[in-house]
Amino acid sequence: MLKATRHFSMLCGAFAFALAPVAGAIAARADASTTLVYHFTYSSNQDVSARDSSNPAEDYAATANGPSIAQSSGIGHYGGSLTDKGTMTVRIIGKPQADGGQVVTISEAGEQTRRAPEATCVVYGNTQVLCDPNKTVYTEEYTLLRFLGSKFVDPNQLDKNKHWQISQDAGQVSATADYTIVSNNNGAMQISETKKLRQAHGGSLTTDIQSKIGYDAGKAIPTSVDEYVTQRHDNGVQGTSTTIYQTTLQLVSDTMAKT
C-alpha cells in the first residue's frame, strides 16, 4: 500500500490556440514505459540557534588576568551544509489511472551521499505524490516527482493571465502554490512557481518555495527545474533554525516516442 508523503503538492480565442500542444500530452503517455534521465545538483545550508539551557548560563573565558565569568543567554549557534550532484532516472509506466494518477518509478545516483534505489510512486496533476513508504525518496526527488503528473498544466484550470493556483489543507498543514506560464514557444514552456507551506505543530514551521520550471507540453514532462527553498522552524524560547535548499534538474535523455 502506498501512502502520501509530504516534503520537509478559462481559455478563449488565441490563448486556447497557443496551448494546443497540451491536448496531446496524455496521448504521449500511452507507451508501456518511458525512461527519463535528469542531471541534478542539490545543496542544503542550515543555521540553528538553540537554547542549551532553560536558564541563563555563566560563560567562562580565559584572559591574561585569569578566567572571566560573564552572564550569557544559554543560546548556542550551529551550522552545517551538504552538497551533491548526479543523476535521477524516472520510468513512466503505462497510462494514467482512472483517478488521474500516473505510476512512475524513480531512483537517484549521487556522486557522494544522495543515493536511493528505485521506488514506486503515483503522481498527480495537482502536484500530490504518493510513494512506497518502505523506500528512500529524497527531497530533491520529490522536487521532480511533483511536476510529472499528466495534467500538471491543464488548460481548463488557467485564467486569462495564464495562471492557476493549487491549495491544499490537511489539518495542521496548509499549502498554497501559484503557477504562471511565463512563455510558451510551440509547447516549450517556462513556468514560475511560488509556493508556501505552513505547519503549526511542534513550533511554527514555514516553507517558502520559488521555482522556475522548463516544461514540454507535448510530452507533459518537465525539462528543467531550478528550485530555491527557505524553511524556518520557530520553537519560541527554545530556539530557531533556518535551512536553505537549492535543487536544479536538467533533462539529459528520454525515450518518449515522437507523436
Side-chain angles (χ1 to χ4, degrees), residues 7 9 18-31 33-43 84-96 100 102-110 114 121-129 137-155 157-158 162-164 166 177-195 209-229 245-259:
H7 168 44
S9 232
L19 288 179
V22 179
I26 296 178
R29 294 291 179 87
D31 291 347
S33 177
T34 294
T35 301
L36 311 173
V37 178
Y38 293 82
H39 178 267
F40 80 90
T41 65
Y42 170 83
S43 69
D84 206 350
K85 62 181 179 179
T87 58
M88 293 181 197
T89 301
V90 173
R91 289 193 302 119
I92 300 173
I93 302 172
K95 299 179 181 180
Q102 175 69 66
V103 177
V104 304
T105 66
I106 189 168
S107 61
E108 180 172 331
R114 312 296 282 189
C121 303
V122 180
V123 296
Y124 294 85
N126 65 356
T127 71
Q128 288 188 342
V129 179
V137 181
Y138 286 116
T139 55
E140 61 271 23
E141 292 179 276
Y142 280 107
T143 295
L144 175 58
L145 286 166
R146 60 198 180 95
F147 301 129
L148 285 171
S150 62
K151 288 190 176 181
F152 169 59
V153 178
D154 184 350
Q157 300 298 319
L158 300 174
K162 307 177 187 179
H163 160 270
W164 75 100
I166 298 174
D178 287 278
Y179 300 92
T180 302
I181 299 175
V182 178
S183 65
N184 179 12
N185 182 12
N186 294 322
M189 298 178 176
Q190 291 295 318
I191 301 171
S192 68
E193 176 193 48
T194 300
K195 186 172 185 177
I209 302 172
Q210 297 285 335
S211 301
K212 297 177 182 178
I213 307 155
Y215 194 79
D216 185 328
K219 297 179 179 180
I221 58 172
T223 55
S224 64
V225 181
D226 187 347
E227 179 188 73
Y228 186 90
V229 179
Y245 301 94
Q246 289 183 273
T247 301
T248 66
L249 295 155
Q250 183 67 50
L251 181 65
V252 293
S253 70
D254 76 82
T255 61
M256 191 169 290
K258 301 291 184 182
T259 58

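What you see is a predicted model, and the numbers here were worked out from it, not measured in a lab.
Counting heavy atoms from C-beta outward, Trp164 and Asp154 have side chains that stay 4.5 Å or more apart. Here the side chains of Thr139 and Arg114 are in contact, with some heavy-atom distance below 4.5 Å. Considering only heavy atoms from C-beta on, Thr34 stays 4.5 Å or farther from Arg91 through its side chain. With a 4.5 Å cut-off on side-chain heavy atoms, Glu227 and Gln246 do not count as touching. At a threshold of 4.5 Å between non-hydrogen side-chain atoms, the residues Ile92 and Leu36 count as touching. Residues Tyr124 and Ser150 fail the side-chain proximity criterion, which asks for heavy atoms closer than 4.5 Å. The shortest side-chain heavy-atom distance between Val90 and Leu148 falls under the 4.5 Å cut-off. Looking only at side-chain heavy atoms (C-beta outward), Lys151 and Gln102 stay at 4.5 Å or farther from each other.
Expressed to the nearest 0.5 Å, how far CG of Leu249 lies from OH of Tyr38 amounts to 8.0 Å. Atom-to-atom distance recorded for Met88:CE and Tyr138:OH is 11.0 Å, nearest 0.5 angstrom. The OH atom of Tyr228 sits 12.5 Å away from atom OG of Ser211, with the distance rounded to the nearest 0.5 Å. Put simply, CE on Met189 and OG1 on Thr180 are 12.5 Å apart, with the number rounded to the nearest 0.5 Å.
For Tyr215 and Phe152, the ring centers are positioned less than 6.0 Å apart.
Here the closest heavy-atom approach between residue Cys121 and residue Leu145 is recorded as SG-CD1, 4.0 Å. Minimum interatomic distance between Val153 and Pro155 (heavy atoms only, all atoms of both residues): O-CD, 3.8 Å.
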> Yes or no on side chain to side chain contact (heavy atoms under 4.5 Å, CB included) for Thr35 and Asp254, after CA distance, side-chain angles and deciding distance?
Replying inline: CA-CA 6 Å; Thr35 301; Asp254 76 82; over 6 Å; no
>> Apply salt bridge (charged side-chain N to carboxylate O under 4.0 Å, His left out) to residues Arg146 and Glu141 and explain how you reach the verdict.
In response: CA-CA 9 Å; Arg146 60 198 180 95; Glu141 292 179 276; over 6 Å; no
> Stepwise, does the side chain to side chain contact (heavy atoms under 4.5 Å, CB included) test hold for Glu140 with Tyr245?
Replying inline: CA-CA 9 Å; Glu140 61 271 23; Tyr245 301 94; over 6 Å; no
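The side chain to side chain donor-acceptor pair (under 3.5 Å) check on Asp178 picks up His163, Gln165, with sequence neighbours excluded. Taking Asp216 as the reference, Lys219, Ile221, Thr223 meet the side-chain contact (heavy atoms from CB on, under 4.5 Å) condition, with sequence neighbours excluded. Considering only residues two or more places apart in sequence or on other chains, Val103 meets the side-chain contact (heavy atoms from CB on, under 4.5 Å) condition with Ile93, Gln97, Thr120, Val122. Judged as a ring-ring contact (aromatic ring centres under 6.0 Å, His included), and not counting sequence neighbours, Tyr42 has no contacts. Listed by chain and number, the residues in a side-chain contact (heavy atoms from CB on, under 4.5 Å) with Ser224 are Gln250 (sequence neighbours excluded). In terms of the side chain to side chain donor-acceptor pair (under 3.5 Å) criterion, residue partners of Thr41 (sequence neighbours excluded) are, by chain and number, Thr248. Partners of Gln210 by side chain to side chain donor-acceptor pair (under 3.5 Å), not counting sequence neighbours, listed by chain and number: Thr194. The side chain to side chain donor-acceptor pair (under 3.5 Å) test applied to Thr247 returns no partner, not counting sequence neighbours. Residues passing the side-chain contact (heavy atoms from CB on, under 4.5 Å) test with Ser107, sequence neighbours excluded: Thr89, Glu118.
Within the 3.5 Å criterion, the main-chain N or O of Ile166 finds no donor-acceptor partner in the side chain of Tyr179. A donor-acceptor pair under 3.5 Å is absent between the side-chain atoms of Asp84 and the main chain of Gly110, judged by distance alone.
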